[in-house]
S.K.: 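Please find one structure pasted underneath; my questions will follow.
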Amino acid sequence: MHNDNNIPEKLLKPYSAKDTESRIYEAWLDSGFFNPDICVEKGVTKADAEPFSMVLPPPNVTGTLHTGHALMLVIEDIMTRYARMQGKRTLWLPGTDHAAIATQSKVEKILEKEEGKRKQDLGREEFLARVNKFAQESHDTIVGQAKRMGASLDWSREAFTLDATRNLAVRTAFSRMYKDGLIYRGHRIVNWDPKGQTVISDDELVYEERKSKLYTFKYSKDFPISISTTRPETKVGDTAVAVDPTDERYKQYVGKEYDAVFCGVPIHIKIVADESVEKDFGTGALGVTPAHSQIDAEIATRHNLPTIQVINEYAKMMIGGENLLGKKVTEARETIVQWIRDEGLMEKEEDVTQNVSTAERTGAIIEPLPKLQWFINVNKPIADRGNKTLKELMLAPIREKQIEILPDRFENVYYNWVNNLRDWCISRQIWYGHRIPVWYDKDGAIHLPKERRVLLARHGESEANSLRLFAGGKSQSPLTDTGRAQAKELGQKLKSENVTKIISSNLPRARETAEIIAREIGLDPQSIEEWADYREYEVGDLENTPWPEKGIPFRTAIESQKGENLAQIEQRVISVFKKLESVETEGTLLMVGHNGFNCCMKAHIEGVQKERFVEFAELCTMENASTHEFMLMHNPSGEGLTQDEDTLDTWFSSGLWTFSTLGWPQKTHDLKMFHPTSVLETGHDIIFFWVARMILMSTYLLGEIPFKTVYFHGLVRDEKGRKMSKSLGNIVDPITLIDKYGTDALRMAMIVGVGPGSDSNLGEEKIKAYSKFANKLWNIARFVMENTSKLDTTTTHTLDTEDQATIDEINALLKEITKEMNEYKFYLVAEKLYHYTWHTFADVVIERSKNKIANGTGSESAQQMLVTALPLLLRALHPFMPYITEELWNTVYNEKNLLLVEEWPCKI
RNA sequence: GCGCGAUUAGCUCAGUUGGUAGAGCAACUAAUUUACACUUAGAAGGUCGGGGGUUCAAGUCCCUCAUCGCGCACCA
């Protein structure tokens with residue numbers, strides 16, 4: 001491996017990212033240090049260290065990662081690695097988003113193209129299976145790509161917006177909001193996407209400027225007032241004409257009603273006076289179409305006007321004679337315009353540009369339609385939250401500086417949006433997503449899932465406990481007197497907990513504890529259900545043998561492999577939870593069982609992987625007669641109940657992301673430790689979709705902010721500053737760039753000079769430049785190694801003035817950049833490190849040291865300086881260029897620890 | 001209509017609280033086997049979008065105009 005100079009062979013060749021990166025990533029994964037718990041267990045992080053947590057904005061499972069995702073991963077990984085090196089208890093939590101409409105329409109397109117089928121041809125179940133398969137494949141691609149970016153994500157906590165844990169969160173959130181009257185079902189004018197066949201929210205609209213015509217005409221010859229419109233086809237649905245109350249021209253007509261036949265359709269028009277009408281616009285009179293305009297619907301409500309729907313879900317006319325019925329709105333428009341002209345009713349045809357609402361995902365022109373949908377009321381005062389509305393809850397944390405937004409100019413954008421916010425439509429007529437957790441019975445009454453509180457309890461002290469002997473799933477060891485007293489005391493405590501049902505393990509120590517409790521709280525001991533499945537884990541012939549001197553019995557039992565293995569225990573845990581779903585009781589459910597098995601139950605609730613049950617059990621050992629609370633959500637069941645067919649807006653589940661990923665609604669250890677999260681890093685294009693909704697959900701459901709700082713990154717454009725798009729053919733695949741130049745080079749190119757919120761141009765030249773830098777660093781390491789291999793490292797050599805000045809200079813730089821790291825100025829830090837390493841350290845310091853080492857005078861000082869300086873630079877560069885720095889640190893220099901968990905080289 | 005951002009070398013962009021204009025790339029001149037040719041040294045290149053103001057001093061602060069980009073609102 002080593003040549004004469006004791007230099008590793010690989011160091012003699014140029015740096016090869018290809019041969020290095022995957023190997024290093026594997027080493028990081030093997031270490032487990034992406035998981036903060038393992039960092040604590042292995043002693044690289046102090047248990048009482050300050051937590052740092054961040055959720056990954058979950059990429060949509062619609063395909064692959066693009067350069068925008070790459071930038072996001074780079075910035076967040078820099079934040080994460082920096083925090084980890086500072087010794088913080090660091091969690092960066094990965095996940096993906098089911099992106100309901102986007103994913104479903106993608107699969108629909110593929111289905112149409114490859115098989116010529118529509119989703120209805122497959123049916124809901126089969127179609128969803130296809131979507132799930134597609135989502136799984138996308139997910140795998142995305143995860144693979146994130147790993148290649150070097151992302152130090154804790155994969156053991158990976159979440160999906162549509163998995164079981166997140167579904168529990170969604171049902172809980174929905175039920176609580178419904179209970180508080182924040183979620184309601186109502187008839188409203190909604191944004192209907194005729195192509196996607198679903199309702200969408202105001203935020204999913206894209207306004208496109210189009211040329212169109214403004215027509216001014218009368219409904220009929222003897223109608224007294226002219227009106228203007230760009231959509232004559234909707235006028236067959238008019239039920240009123242509204243005028244400004246102060247408009248002298250029309251005052252005489254207000255309150256009068258007229259009949260007319262408009263293009264063959266009989267209409268009945270009432271003249272009303274309404275404040276919302278501007279008398280200077282057009283004719284100063286507004287034809288009111290309550291079914292197809294938001295504003296008109298509001299006027300109609302105020303004046304009690306009838307609503308006539310004339311356009312259907314396919315954007316076709318649903319009224320009129322042969323000339324109109326079933327025609328597309330565009331055709332109907334021409335027909336009606338021609339009719340107006342023919343009748344001599346047209347007064348003016350003007351060219352105007354107008355903003356047309358289109359659907360973000362499908363591009364279809366939105367048709368405002370009256371529909372029965374689910375909404376979130378943003379203006380209702382909430383008793384539990386100081387009578388504040390959701391709107392106010394969203395504004396307060398920013399105003400009160402609890403949440404810092406970087407760059408701060410986005411604060412105004414945020415305020416602007418919240419203040420203009422209308423009720424949020426959350427139901428979608430698509431199949432892929434969380435089903436709305438509402439059931440209807442035969443009479444149409446609404447039923448929601450119910451929350452059930454469960455208390456896990458451990459039995460009182462048993463004889464085996466007191467003798468420190470193993471007592472597993474077969475032990476018949478009875479309670480001691482102490483144990484009975486403990487059980488009685490627990491019963492006293494539980495009196496106020498409204499326990500209405502008790503389930504017990506079938507072993508005597510649990511059963512006896514349960515019976516004592518039952519008597520204390522006034523329940524019939526006969527009513528206790530005994531579940532053999534809920535017994536303690538099996539320990540085989542360890543039964544009744546003494547506990548180990550060191551460590552916990554659970555670990556010893558598992559490692560002895562004499563009883564049940566983890567897979568068997570997990571199976572049993574799952575079956576107990578399954579059984580719990582069908583338990584009916586009004587109040588709190590008490591489960592009396594055992595330490596080991598209860599810990600596994602807790603681990604399951606917290607989402608701990610079974611491989612880590614043992615470590616988890618060590619953390620959460622239950623004392624005799626202690627309890628642990630969790631909740632279950634029961635969907636309504638019974639004859640004739642049907643669930644709402646619609647699904648939820650994908651942003652509903654995304655809004656819960658900072659805490660649903662940490663196990664909410666369970667009161668998990670993760671939730672306590674890591675929420676509110678430290679930072680949210682994301683693109684400023686989703687400030688409304690996502691950031692605002694997370695603040696809404698978190699402040700309402702948890703009463704706390706979801707994150708302390710929001711860091712927005714900008715758009716990544718191509719080298720010419722153009723937006724990357726399929727039609728321009730200028731989309732760059734980050735993986736191609738990595739293959740060519742290495743991840744470290746791409747990371748540096750993406751970060752240098754790119755401040756928060758500003759767009760950046762990514763050109764290949766820039767990446768190439770940083771791949772050269774990687775090689776430079778490689779050769780610096782080689783030089784240092786070659787020239788210091790004979791240095792006696794057992795003593796520290798004194799530095800001369802010049803070399804001491806170099807070290808001082810580096811420390812000053814480190815101090816400067818540490819301050820900038822804390823201010824999120826990564827773009828500056830990366831550039832400064834690059835510049836110092838190359839143009840000062842390599843070009844000046846190393847050149848100077850060459851002479852000294854060759855001449856012999858000051859040789860030891862120079863060598864000592866080099867071996868001191870290089871590790872400082874490697875540490876500081878690690879968050880930016882993790883692979884090459886780790887390779888130099890771990891493989892070449894053969895340091896004991898991974899650089900990943902080494903200390904950041906400067907403390908302030 | 002309201003608001004935000006950008007305008008600095010040929011190109012892409014830095015420039016922290018006002019204190020003598022900076023980097024990378026490109027182009028130019030040289031070095032020639034070196035820790036590194038994925039190299040080094042050097043020179044060249046800018047009235048910091050226009051105009052006005054505050055100040056001893058403005059790329060930086062204020063006003064105004066222009067161009068480009070973006071967001072929101074209005075859309076009868």
Side-chain angles (χ1 to χ4, degrees), chain A residues 5 7 11-16 207 209-210 212 214-216 226-232 234-235 238 241-243 276-289 293-296 299 352-357 407-417 419-420 684-685 687-688 714-715 717-723 741-742 745 748-749 752-755 757-787 816 819-820 823 825 827-828 830-832 834-835 838-839 842-843 846-847 849-850 866:
Chain A
N5 278 332
I7 307 295
L11 202 52
L12 298 176
K13 288 183 268 176
Y15 172 65
S16 165
Y207 296 107
E209 220 169 67
R210 298 208 181 162
S212 113
L214 180 68
Y215 303 96
T216 303
S226 304
I227 54 152
S228 298
T229 185
T230 53
R231 297 202 58 190
T234 64
K235 297 290 112 180
D238 281 13
V241 165
V243 298
S276 69
V277 179
E278 276 179 48
K279 56 180 164 187
D280 299 329
F281 192 100
T283 61
L286 166 63
V288 181
T289 322
S293 156
Q294 187 98 37
I295 291 166
D296 293 8
I299 296 173
V352 289
T353 51
Q354 67 160 2
N355 280 331
V356 178
S357 311
D408 57 10
R409 63 188 148 90
F410 285 108
E411 279 184 22
N412 283 331
V413 180
Y414 181 86
Y415 291 142
N416 198 337
W417 180 80
N419 287 326
N420 285 309
H684 61 75
D685 51 334
I687 181 167
F688 313 132
L715 212 66
R717 301 168 178 279
D718 74 357
E719 56 218 311
K720 290 175 188 144
R722 297 173 306 183
K723 210 167 176 170
Y741 302 105
M748 283 296 276
V752 170
V754 182
S758 56
D759 294 351
S760 60
N761 301 353
L762 185 70
E764 244 181 276
E765 284 304 320
K766 195 174 177 186
I767 308 170
K768 205 169 151 188
Y770 287 104
S771 72
K772 289 183 183 179
F773 176 58
N775 194 53
K776 189 76 183 177
L777 189 61
W778 189 250
N779 281 294
I780 289 171
R782 174 173 159 191
F783 175 86
V784 171
M785 202 164 203
E786 278 179 350
N787 287 281
E816 194 179 312
K819 190 172 158 264
E820 284 161 353
E823 290 164 356
K825 291 176 181 165
Y827 56 106
L828 275 182
E831 194 179 359
K832 281 181 181 174
Y834 165 81
H835 204 254
W838 196 321
H839 298 295
D843 292 347
I846 285 189
E847 288 306 319
S849 75
K850 277 184 190 169
L866 291 175

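Note on naming: letters A, B, ... go to the chains in the order of the sequence lines (proteins, then strands), and numbering restarts at 1 for each one.
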S.K.: Where do Y15(A) and N775(A) come nearest, in terms of heavy atoms and distance?
M.R.: N-OD1, 3.1 Å

S.K.: Using atom P of each nucleotide, how far apart are A43(B) and C68(B) to the nearest Å?
M.R.: 41 Å

S.K.: At under 4.0 Å between heavy atoms, how does the protein contact nucleotides 70-76 of chain B? Give one character per nucleotide, 5' to 3', with B, S or -.
M.R.: -SSBBBB

S.K.: Would you mind reading off the distance between N779(A) atom CG and U33(B) atom P, rounded to a whole angstrom?
M.R.: 18 Å

S.K.: Give me the distance, rounded to whole Å, that separates G10(B) from A26(B) when you measure between the C1' atoms they each carry.
M.R.: 8 Å

S.K.: Considering all heavy atoms of both residues, which atom of T289(A) and which atom of K235(A) are nearest to each other, and what is their separation?
M.R.: OG1-NZ, 3.3 Å

S.K.: Find the distance I687(A):CD1 to G3(B):C1' and express it as a whole number of Å.
M.R.: 14 Å

S.K.: I want to check one thing: is the phosphate of A35(B), taken as OP1 and OP2, less than 4.0 Å away from some side-chain N or O of K850(A)?
M.R.: yes

S.K.: Once you round it to whole Å, what is the distance between C1' of C36(B) and CH2 of W838(A)?
M.R.: 9 Å

S.K.: Considering only the C1' atoms, how many Å lie between U67(B) and C74(B), rounded to the nearest integer?
M.R.: 25 Å

S.K.: Looking for any heavy atom pair under 4.0 Å, which part of the strands does D759(A) touch: base, sugar-phosphate only, or nothing?
M.R.: nothing

S.K.: Would you name the heavy atoms of T283(A) and T216(A) that are closest together and state the gap between them?
M.R.: CG2-CG2, 3.5 Å

S.K.: Check the distance between A41(B)'s P and E847(A)'s CD and give it to me in whole angstrom.
M.R.: 8 Å

S.K.: Whole-Å distance between G15(B) C1' and K825(A) NZ?
M.R.: 12 Å

S.K.: Output the distance between atom CG (L866(A)) and atom CD1 (I846(A)), rounded to the nearest 0.5 Å.
M.R.: 6.0 Å

S.K.: Might you work through the ring pair (Phe, Tyr, Trp, His ring centres under 6.0 Å) test for Y834(A) and Y770(A), ending with a clear yes or no?
M.R.: CA-CA 9 Å; Y834(A) 165 81; Y770(A) 287 104; 5.0 Å; yes

S.K.: For K832(A), look at atom NZ and say whether over 12 heavy atoms of other residues, nucleotides or ligands are found less than 6.0 Å away.
M.R.: yes

S.K.: U39(B) C1' sits how many Å from R782(A) CZ, rounded?
M.R.: 13 Å

S.K.: Considering only the P atoms, how many Å lie between U16(B) and G59(B), rounded to the nearest integer?
M.R.: 12 Å

S.K.: Closest approach of V243(A) and A285(A), non-hydrogen atoms and distance?
M.R.: CG1-CB, 3.9 Å

S.K.: Distance between the C1' atoms of U8(B) and U47(B), in whole angstroms?
M.R.: 12 Å

S.K.: Would you mind checking if K768(A) and E764(A) are paired as a salt bridge, meaning a charged N to carboxylate O distance below 4.0 Å?
M.R.: no

S.K.: Quick one: L828(A) CG to C13(B) P, roughly how many Å, whole number?
M.R.: 16 Å

S.K.: Starting at the 5' end of RNA chain B, what dot-bracket string do you get if Watson-Crick and G-U pairs under 3.5 Å are bracketed, crossing pairs use [ ], other-strand pairs use | and unpaired bases use dots?
M.R.: (((((((..((((.....[..))))..((((.......))))......(((((..]....))))))))))))....

S.K.: Roughly how far apart, to the nearest Å, are G52(B) and G5(B) at atom C1'?
M.R.: 23 Å

S.K.: Is the shortest side-chain N/O distance from R409(A) to OP1 or OP2 of G5(B) below 4.0 Å?
M.R.: no

S.K.: For the residue pair N420(A) and N416(A), confirm or rule out a side-chain donor-acceptor distance under 3.5 Å.
M.R.: yes

S.K.: A side-chain contact here means heavy atoms from C-beta on lying under 4.5 Å apart; do Y207(A) and S357(A) qualify?
M.R.: yes

S.K.: How far does OH of Y827(A) sit from OG of S760(A), to the nearest 0.5 angstrom?
M.R.: 13.5 Å

S.K.: Looking at H839(A) and D843(A), what are the two nearest heavy atoms and their distance?
M.R.: ND1-OD2, 3.0 Å

S.K.: Using the P atom in both, what is the distance from U12(B) to G49(B), to the nearest Å?
M.R.: 15 Å

S.K.: How would you summarise protein contacts on nucleotides 20-30 of chain B per nucleotide, using B for base, S for sugar-phosphate only and - for none, with heavy-atom distances below 4.0 Å?
M.R.: ----SS-----

S.K.: Once you round it to whole Å, what is the distance between C1' of C11(B) and CG of L762(A)?
M.R.: 15 Å

S.K.: If the C1' atom of U60(B) is compared with that of G22(B), how far apart are they to the nearest Å?
M.R.: 15 Å

S.K.: Looking only at non-hydrogen atoms, find the nearest pair between F410(A) and G757(A) and report the distance.
M.R.: CE1-CA, 4.2 Å

S.K.: Heavy atoms under 4.0 Å, any strand shown: does A242(A) hit a base, just sugar-phosphate, or nothing?
M.R.: nothing

